[in-house]
Structure formats: structure tokens, C-alpha cells
Protein chains: 2
Amino acid sequence: MYETPQPSGRDPFLRRIETVALFRLTDAERAALATIPMQVAQFEPNQDIIREGDRPSRSFALLSGIACTYKSTRAGKRQVMSYHVPGDVPDFQSLFLEVLDINIATVSACRLGFVQHDAVRAMLRAHPRLNEVFWRATLIDAAMVREWMLNTGRREAYARMAHLFCELVTRLGAVGLAPDLTCDLPMTQPELADALGITSVHVNRTVRDLRAAGLIALRGRRLTVNDWAGLQEAAEFDPTYLHLRDAETR
Amino acid sequence: MYETPQPSGRDPFLRRIETVALFRLTDAERAALATIPMQVAQFEPNQDIIREGDRPSRSFALLSGIACTYKSTRAGKRQVMSYHVPGDVPDFQSLFLEVLDINIATVSACRLGFVQHDAVRAMLRAHPRLNEVFWRATLIDAAMVREWMLNTGRREAYARMAHLFCELVTRLGAVGLAPDLTCDLPMTQPELADALGITSVHVNRTVRDLRAAGLIALRGRRLTVNDWAGLQEAAEFDPTYLHLRDAETR
DNA sequence: CGCCAAGTTGACGGGCTTCAAACTGTGTGG
DNA sequence: CCACACAGTTTGAAGCCCGTCAACTTGGCG
């Protein structure tokens with residue numbers, strides 16, 4: 001199941017950390033990130049990575065693919081809290097909270113880089129400035145959840161879906177995965193429904209409406225934004241909450 | 001506007017920190033928290049404390065009263081992300097993210113203790129273990145937002161309101177403000193609507209239903225839970241995500 | 001080719017919104 | 001002490017967004 005860790009495999013992770021940092025990393029800091037022991041594993045689509053109630057002893061970086069954080073009601077209804085793109089460290093929180101309150105699952109096939117908590121703690125002790133960087137990354141994740149909550153609470157399905165597409169294209173674009181406003185969208189419509197807080201039937205109708213408005217094209221598993229300004233307008237999308245550098249915001 | 005900081009005034013804050021810590025604080029750590037320069041200010045109900053777009057140079061602890069974090073759509077619809085109880089440090093994130101993506105406002109009259117970012121940073125450098133405690137507090141806040149999102153996305157108004165009341169009574173109870181399952185509920189029904197993601201008209205009907213089911217009493221600005229087990233059941237409330245000690249969970 | 005999951009569409013119903021009006025309750029000023 | 005104002009609460013009626021149920025179509029894959 002586990003490959004030999006290849007330095008090159010963790011590039012998305014390194015790039016992400018450099019993006020989030022407000023300062024230039026020193027060679028020593030970069031080396032610490034590049035050499036921290038990491039077990040790389042390949043996961044199938046729609047596989048749980050960690051589950052609510054787990055007490056993990058390691059965190060992981062998403063090296064390729066798309067994953068999601070979700071919670072479920074007793075009745076089995078899922079709510080996706082956020083999607084994760086390559087470079088993200090979705091369960092950094094497990095470093096400080098023993099019991100997980102969320103599930104994290106793959107959406108597409110994913111490559112994951114697992115790192116022991118002890119190793120992370122040692123790295124943060126040795127390089128205190130990296131502490132701040134991980135703080136920022138975690139707080140940005142929290143900001144995305146809040147923006148997403150404004151969506152589900154106060155916008156209707158049409159704007160909500162437009163907003164999700166805006167965010168995904170922007171975030172994937174920031175890691176080079178959305179050239180020409182086109183990206184893979186590995187989730188099915190029932191899965192999208194779990195993110196949007198609506199039913200798959202209504203997802204379908206809403207996709208149809210966005211298509212009819214000329215804002216997007218969605219065929220197979222590929223999403224293309226045909227009218228970026230229009231989509232942003234429909235979504236009231238303002239990427240400030242993503243805390244990206246200007247260059248990375250379209 | 002500013003009072004002389006009284007050591008006693010920050011008790012809720014100190015108690016909260018000790019609750020969140022997984023270890024016993026040393027006298028030095030306790031002293032650092034007790035003597036960090038804090039400007040105490042009294043705020044009226046429904047006053048913004050900080051606004052989206054601000055670049056604050058200080059954070060604050062909520063010493064008394066109830067506050068809330070919210071965001072708004074362009075159309076002016078508000079979504080309350082979370083409520084804050086005495087002892088909370090709602091905008092700790094401003095220590096690491098320059099531009100705020102949220103608004104924080106008082107709900108009732110509040111006493112706030114403002115602390116300069118520089119002072120916090122110095123304290124965390126001098127007492128590294130406190131770093132971990134603030135991490136935990138911030139991650140718990142994020143967990144509450146996610147639980148709240150499961151609510152708005154996947155539960156209907158009745159369960160949603162039951163859940164909000166369960167959470168408030170539990171959190172207020174943990175700081176001694178909900179004896180006998182009774183607490184102040186300073187928000188009006190239109191304000192509750194902003195938290196629940198529904199209209200004030202529907203809030204009213206839902207309160208009526210919870211009352212008719214014998215679960216709660218709500219008169220004036222006081223909430224009493226008449227059937228704690230029943231309310232928990234209706235809400236599917238499981239306080240694990242609050243990460244309280246067992247003793248503080250009912 | 002045939003299977004099966006996903007996508008698509010229609011009809012109907014329900015939860016919630018919207019609009020409107022009446023009813024509190026509390027504070028204020030004459 | 002009462003009249004008045006005003007904000008919050010409560011209730012009704014009509015309609016819309018979205019859910020539910022069901023059927024049919026499309027597309028990927030062995």
C-alpha cells in the first residue's frame with residue numbers, strides 16, 4: 001500500500017506552505033518540510049480516510065486529487081463542509097484535538113502523505129516560524145467553512161452552486177489545476193447535493209439553469225466556466241476570504 | 001470608555017483557558033494570563049465590535065454577555081456563524097490573518113477585554129505551552145461552526161432550533177450561567193432567524209412547536225429547558241464536538 | 001451487448017417565505 | 001396616570017423553492 005517517499009511527490013504541499021507563509025522560507029525551514037518523514041499512500045475514490053471518533057496519531061497532506069470533509073446526521077444525511085485540493089493539510093486539527101469530530105474522504109483517487117504527529121511537533125519546535133504558517137493555513141480553512149455557511153444559510157441553490165464553482169475554480173487555479181477556467185469536477189451530482197445541502201434532483205435542475213444562463217459547461221466530469229464575471233456575479237463571489245496572493249486570484 | 005483593568009474582571013477568561021488546557025497550568029503561566037495588559041470596555045447590545053475588512057492590532061476576550069460572529073450577503077441577509085459566551089476569545093484569528101473576513105457584534109450588553117497582538121505574541125513566546133491551549137480553543141470554535149453547518153444544511157428548522165438551544169444551555173452551563181437548565185437568551189426572534197437561516201416568522205412558529213411539545217419554555221428573554229432528554233433527542237445533540245470535560249457536560 | 005450508476009425530467013407535496021395585520025409589552029412624555 | 005410610540009411577538013393566507021417519488025434516458029464498463 002505504501003510507496004517509498006519521493007521528495008518530488010510532496011511538491012504540492014511545499015508550494016502550498018510557501019504560498020500561505022507571509023515571509024520567505026529559509027533553506028533550513030524548506031529542508032525541514034522536504035525531509036519530514038512522510039508515508040505516501042494511494043487511495044481510491046470515495047474512500048474514508050479518517051472517521052469521526054478516531055484518535056489519529058498522524059496527519060496527512062493531500063498530494064493529488066480532491067478530498068472532502070463531511071459530517072452526517074443520524075438519519076444518514078451527509079453535509080460536506082469543505083473540499084480539499086492538492087497541497088492542503090485537511091486534518092491538521094488532530095494534532096491538538098484528540099477525538100475527531102469530522103470524517104474526511106477522497107472524492108477522486110488521491111495520493112496522501114501521512115506524517116506522524118510527533119514528527120510535526122518536533123519540526124514546529126525546531127522551526128517556530130513554521131508554527132505561524134500552519135496557523136494561517138488552518139485559519140484559512142476555517143474561513144472557507146464560514147463562507148460556505150453563509151452560502152447554505154442565506155443564498156438559494158442557484159447562487160450557492162455558482163459560489164461553489166467559483167471557489168473550486170479559484171482554488172484549483174491557484175495550484176495550477178484550472179487552466180482556461182476549466183477543471184476536473186470528480187464529484188457526482190448526488191455528492192454535490194451533499195455539499196450544497198439540497199437533493200440530487202435539485203442539483204440537476206440547478207446545473208441546467210446555470211448552463212441555460214450561459215455561465216458554465218459541465219460535461220462528463222469536466223467543468224468549464226464560460227462567463228467568469230457572470231458566475232461571480234450570480235454567486236456574489238469575493239475571494240478575499242481565501243487569503244490568496246493577488247497574483248493567484250483571477 | 002475604558003475602565004482600569006481589574007484582575008478579577010478577567011476571571012471568566014482565565015477559567016476558560018484552564019478548561020481548554022489538557023494540563024495543569026503552572027503558576028508562571030497563570031500569572032502571565034492574569035497580568036497581560038488588558039483594556040476593559042463596556043459595549044451596548046447590538047453593537048459591532050469588529051467588521052469585515054478590518055485589520056485589527058488587538059484581540060479581545062469576552063468577559064461578560066453574549067456576542068456573535070456573522071457575515072452578510074450583498075442583499076443584506078445576515079448569517080450568524082456562532083455565538084460567544086463569557087471566556088471566549090472570538091477573534092483570535094486576527095493574530096495570524098491580517099484582514100478580517102467576519103463581523104463580530106454584541107448581542108446583549110458585554111464587557112470586553114482588549115489585548116494587543118504584540119502582548120499576546122510575547123506571552124506565547126515566553127510560555128510555549130500556552131500556544132497549544134490557544135490552538136485548542138480556536139480549533140474547538142471551528143468545530144462548533146462545522147456542527148452548526150450540519151444543522152443548517154441537513155436538519156429542518158425544528159431540529160435546528162432545538163440544537164441551538166442545546167448548545168447554548170450546555171456552553172452557558174459550562175461557565176455557570178445556566179443553573180437549572182435556565183439561561184438568559186438575549187437575542188430577539190429576528191436575530192435568532194439570522195442564526196438559524198430562516199425567517200423571523202418561521203422562528204416564531206418553530207418556538208411555538210417546541211413549546212407545544214413540552215420541550216422548552218421561553219418567556220421574555222429567559223429560556224428554560226423543560227425536557228432535556230427530549231430536546232437532545234429532537235436535536236440529535238451530541239456534545240462531543242464541544243470538547244468539554246465530562247464534568248461540564250450534562 | 002447488457003448491466004448499473006448517474007443524469008434527466010415530470011408531477012405533486014411540504015417546509016418555509018412573503019406579505020399583511022393584529023396583538024403584546026415596555027418605555028416615554030404630556 | 002394615561003396616551004402614545006415603537007419594537008417585538010403572534011397569527012393567517014398565498015405562493016415559491018425545493019423535496020419526494022417515479023419513470024425514463026444516458027453513459028461507462030466488463
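Lettering of chains follows the sequences in order, A, B, ..., and the numbering in each one begins at 1. Note that this is a predicted model, so its numbers are computed, not measured.
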Checklist outcome for this item: Residues B:Gly230 and B:Leu215: closest non-hydrogen pair is C-CD2, 3.8 Å
Next on the checklist: Quick check: closest heavy atoms across A:Ile140 and A:Leu242, and the distance to 0.1 Å?
Outcome noted: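 That would be CG2-O, 3.6 Å.
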Checklist entry - Going 5' to 3' along DNA chain C, which nucleotides are the first and last within contact of chain A (any atom under 4.0 Å from a heavy atom)? => result C:dA6 to C:dA11
Where the side chain of [X] meets the backbone of [Y], is there a donor-acceptor pair that is under 3.5 Å apart?
X        : Y        : result
B:Gln79  : B:Tyr70  : no
B:Arg160 : B:Leu196 : yes
B:Arg146 : A:Lys71  : no

Next on the checklist: Other residues, nucleotides and ligands only: do more than 12 of their heavy atoms fall within 6.0 Å of CZ on A:Arg219?
Outcome noted: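 At most 12 heavy atoms, drawn from other residues, nucleotides or ligands, come within 6.0 Å of this atom.
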Next on the checklist: So for atom CZ, which belongs to B:Arg222, do other residues, nucleotides or ligands contribute more than 12 heavy atoms lying within a distance under 6.0 Å?
Outcome noted: yes
Checklist entry - Do B:Glu167 and B:Tyr241 have side-chain N/O donor and acceptor atoms under 3.5 Å apart? => result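 Checked: B:Glu167/B:Tyr241 side chains pair up, N/O donor to acceptor below 3.5 Å.
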Next on the checklist: Can you see whether A:Asp180 engages A:Thr182 through a side-chain donor-acceptor pair at a distance of less than 3.5 angstrom?
Outcome noted: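 Absent: no donor and acceptor within the cut-off.
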Checklist entry - How long is the span from the CD1 atom in A:Ile49 to the CG atom in A:Asp91, to the nearest 0.5 Å? => result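 The distance works out to 8.5 Å.
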Item to check | Sugar-phosphate only, base, or nothing, as touched by B:Arg219 at under 4.0 Å among non-hydrogen atoms | outcome: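 If one applies the 4.0 Å heavy-atom cut-off, B:Arg219 turns out to touch nothing in the nucleic acid.
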Checklist entry - Which of residues 154-167 of chain A have a heavy atom under 4.0 Å from DNA chain D? => result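 Heavy-atom contacts with DNA chain D come from A:Glu156, A:Ala157.
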Checklist entry - When you measure from every atom of DNA chain D, which of residues 196-215 of chain A have a heavy atom less than 4.0 Å away? => result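 Going residue by residue through residues 196-215 of chain A, the ones with a heavy atom under 4.0 Å of DNA chain D turn out to be A:Gly197, A:Ile198, A:Thr199, A:Val201, A:His202, A:Arg205.
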Checklist entry - In degrees, rounded to 10°, what is the bend between the two ends of the helix from C:dC1-D:dG30 to C:dG30-D:dC1, using five pairs at each? => result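 One end's axis against the other's: 30°.
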Checklist entry - Which word best sums up how the rings of B:Phe237 and B:Trp228 line up, parallel for under 30°, tilted for 30 to 60°, or perpendicular for over 60°? => result perpendicular
Checklist entry - Do the ring planes of A:Phe43 and A:Phe114 sit parallel (below 30°), tilted (30 to 60°) or perpendicular (above 60°)? => result tilted
Checklist entry - With a 4.5 Å heavy-atom cut-off, do A:Gln232 and A:Asp238 have their side chains touching? => result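 No - every pair of side-chain heavy atoms lies 4.5 Å or more apart.
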Item to check | Sub-4.5 Å side-chain heavy-atom contact between A:Ser59 and A:Val115 | outcome: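 Result no, sub-4.5 Å side-chain heavy-atom pair not found.
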Checklist entry - Can you pull the contact range of chain A along DNA chain D, 5' to 3', using atoms under 4.0 angstrom from its heavy atoms? => result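 Using the under 4.0 Å cut-off, the span is D:dC18 to D:dC21.
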Checklist entry - Which pairs, with at least one residue in residues 198-214 of chain B and sequence neighbours excluded, count as a side-chain hydrogen bond (donor to acceptor under 3.5 Å, both in side chains)? => result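 Matches after skipping sequence neighbours: B:Gln189-B:Asn204.
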